[in-house]
Undergrad: 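Can you read through this structure? Questions will come right after.
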Number of protein chains: 2
Amino acid sequence: MRRDVFQAIADPTRRQIIRLTAHESLNLNAVAENFDMSRPAISKHIRILTECGLVIVRQEGRERFCRADLSTLHAVSEFIDPYRKFWSQKLDSLEAYLAKDAKRKRKRSSKKTNRK
Amino acid sequence: MRRDVFQAIADPTRRQIIRLTAHESLNLNAVAENFDMSRPAISKHIRILTECGLVIVRQEGRERFCRADLSTLHAVSEFIDPYRKFWSQKLDSLEAYLAKDAKRKRKRSSKKTNRK
DNA sequence: TAAATTTGTAACCGATCGGTTAAATAATTA
DNA sequence: TAATTATTTAACCGATCGGTTACAAATTTA
């Protein structure tokens, strides 16, 4: 079953799972708590997300921790980037974001960050 | 029928239609020439694209000219932009693109462009 | 070992998807 | 007016989607 990142992000539940696991690993139950649907339904969504590389699962005992692999979104970026100029206001805000981000990057370059 | 831009771009044919009509208006036949499928199939895709605002149709006699409204993609941009830093190489190339685009914009600011 | 916890799998359901062919509609051309 | 052209609509099709419930499997805890 060929999975595609565009198809994966077409579903709002899956987009929310990506947001939830973007900055921390959550097991399936923790993900499911955020939705009004059964655990098997969430399990299926996570399977689709892993099949296209948008989420990575790490097994730990009987639990499975999910974490978004956001670099996979670059395929979407490649599609929309050539058209950025068509929403220039957003473009400006992105430029501002990039500038801020570059600044932050320089600031942190000496300190070492600890992430689990 | 609630149409959503994420669902609209999930299909590769529709993404191609967006690319084709990004910089020129094409009537349905001209769009269909690019695909190995029937005109009614293309007509349905265009309908989905127009329903979520990704394509605008201008009737001219018996022909209908399609043109992408790329600003609608900002919704997708809002979803992925917070994660840009996770594919930094691409981020760098975007920065380069933005710089080049800004330069080009300045260059053209005096000449007037004619577009139909 | 027995019970509880976490998760996946199987079978099912109705709705939607992406395509088809055939026919209808509307505008243009001969 | 008749024929041609551009397109949409209708009806249909099999496949996939997004959910459910029931059950199985594996790990941890009592």
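Naming: A, B, ... by sequence-line order, numbering from 1 per chain.
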Undergrad: Evaluate the side-chain proximity of B:Arg14 to B:Gln7: yes if any heavy-atom separation is below 4.5 Å, no if none is.
TA: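 Side chain of B:Gln7 against side chain of B:Arg14, heavy atoms only: contact under 4.5 Å found.
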Undergrad: Check this one for me: any side-chain N or O of A:Asn29 less than 4.0 Å away from OP1 or OP2 of C:dT6?
TA: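 Affirmative; the distance criterion is met.
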Undergrad: Rounded to whole angstroms, how far apart are CD1 on A:Ile17 and P on D:dG18?
TA: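 Answer to the nearest Å: 11 Å.
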Undergrad: Check whether A:Leu28 and A:Leu20 end up in the same hydrophobic cluster, where Ile, Leu, Val, Met, Phe, Trp and Tyr are linked by side-chain heavy atoms less than 4.5 Å apart.
TA: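 Looking at the clustering, A:Leu20 is in the same group as A:Leu28.
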Undergrad: Looking for any heavy atom pair under 4.0 Å, which part of the strands does B:Arg47 touch: base, sugar-phosphate only, or nothing?
TA: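 It contacts sugar-phosphate atoms only.
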Undergrad: How long is the line joining CZ of B:Arg64 and C1' of C:dA27, in whole Å?
TA: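 One finds 14 Å between C1' of C:dA27 and CZ of B:Arg64, rounded.
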Undergrad: Is the phosphate of D:dT7, meaning OP1 or OP2, less than 4.0 Å from a side-chain N or O of B:Ser43?
TA: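 B:Ser43 to D:dT7 OP1/OP2: no side-chain N or O under 4.0 Å.
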Undergrad: Please state how far atom CG in A:Leu49 lies from atom P in D:dG18, giving the value in whole angstrom units.
TA: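 The answer, rounded to whole Å, is 11 Å.
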Undergrad: Give the nucleotide from the list C:dT20, D:dA6, C:dT7 with an atom nearest to the side chain of B:Glu63.
TA: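 So the nucleotide nearest the side chain must be D:dA6.
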Undergrad: Using a cut-off of less than 4.0 Å, is there contact between a side-chain N or O of B:Arg3 and OP1 or OP2 of C:dC17?
TA: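 So the side-chain polar atoms of B:Arg3 do come within 4.0 Å of the phosphate oxygens OP1 or OP2 of C:dC17, strictly under.
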Undergrad: According to side-chain contact (heavy atoms from CB on, under 4.5 Å), who are the partners of A:Leu70, at least two apart in sequence or on a separate chain?
TA: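 Partners of A:Leu70 under the side-chain contact (heavy atoms from CB on, under 4.5 Å) test: A:Ile18, A:Ala22, A:Ala68, A:Leu73, B:Tyr83, B:Phe86.
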Undergrad: Verify, without hydrogens or angle tests, whether B:Thr72 (side chain) and B:Gly53 (backbone) share a donor-acceptor contact under 3.5 angstrom.
TA: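 Answer holds: yes.
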Undergrad: Round to the nearest Å and state the distance from B:Phe65 atom CZ to D:dT7 atom C1'.
TA: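 Rounded to whole Å, this separation is 13 Å.
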Undergrad: Please determine if a side-chain N or O atom of A:His45 lies less than 4.0 Å away from the OP1 or OP2 oxygen of D:dG19.
TA: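 A:His45 to D:dG19 OP1/OP2: side-chain N or O found under 4.0 Å.
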Undergrad: Given 3.5 Å as the limit, does a donor-acceptor pair link the side chain of A:Thr21 with the main chain of A:Ile17, or not?
TA: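 Pair found, side chain donor or acceptor close to backbone of A:Ile17.
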Undergrad: D:dT5 P sits how many Å from B:Asn27 CG, rounded?
TA: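 Atom-to-atom, B:Asn27 to D:dT5, this comes out as 14 Å.
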Undergrad: Do B:Ile80 and B:Val5 share a hydrophobic cluster (ILVMFWY, side-chain heavy atoms under 4.5 Å, transitive)?
TA: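 Yes: a chain of side-chain contacts under 4.5 Å links B:Ile80 to B:Val5.
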Undergrad: Please list, pair by pair, any protein nitrogen or oxygen found under 3.5 Å from a nitrogen or oxygen in nucleotides 25-30 of chain D.
TA:
| from | atom 1 | to | atom 2 | distance (Å) |
| --- | --- | --- | --- | --- |
| D:dT27 | O2 | A:Arg62 | NH1 | 3.0 |
| D:dT28 | O4' | A:Arg62 | NH1 | 3.4 |

Undergrad: Taking only residues two or more places apart in sequence, or in another chain, which ones meet B:Arg15 in a side-chain contact (heavy atoms from CB on, under 4.5 Å)?
TA: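 A:Asp4, A:Phe6, A:Phe79, B:Ile9, B:Pro12, B:Arg19.
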Undergrad: Out of D:dT20, C:dT20, D:dT7, which has the shortest distance to the side chain of A:Ala41?
TA: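 Per side-chain heavy atoms of A:Ala41, the pick is D:dT20.
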Undergrad: Let me know the distance between CD of A:Glu33 and P of C:dT6, rounded to the nearest Å.
TA: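 Atom-to-atom, A:Glu33 to C:dT6, this comes out as 10 Å.
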Undergrad: Measure the distance from CG on B:Asp4 to P on C:dT16 and round it to the nearest whole Å.
TA: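 The distance from CG of B:Asp4 to P of C:dT16 comes to 15 Å, rounded to the nearest Å.
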Undergrad: Taking only the side-chain heavy atoms of B:Pro40 (C-beta and beyond), determine which of D:dT9, C:dG18, C:dC17 contains the nearest atom.
TA: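 In terms of side-chain proximity for B:Pro40, the closest of D:dT9, C:dG18, C:dC17 is D:dT9.
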Undergrad: Test salt bridge (Lys or Arg N to Asp or Glu O under 4.0 Å) on A:Glu51 and A:Arg47 and set out the steps.
TA: CA-CA 6 Å; A:Glu51 275 176 353; A:Arg47 168 196 267 268; 3.2 Å; yes
Undergrad: Can you measure B:Ile42 atom CD1 to C:dG19 atom C1' for me and round it to whole angstrom units?
TA: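 These atoms are roughly 11 Å apart.
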Undergrad: Nearest to the side chain of A:Arg14 - D:dT7, D:dG18, C:dG18?
TA: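 So the nucleotide nearest the side chain must be D:dG18.
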Undergrad: Would you tell me if any nitrogen or oxygen in the side chain of A:Ser38 comes within less than 4.0 Å of OP1 or OP2 on D:dG19?
TA: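 For D:dG19, OP1/OP2 do not have a side-chain N/O of A:Ser38 under 4.0 Å.
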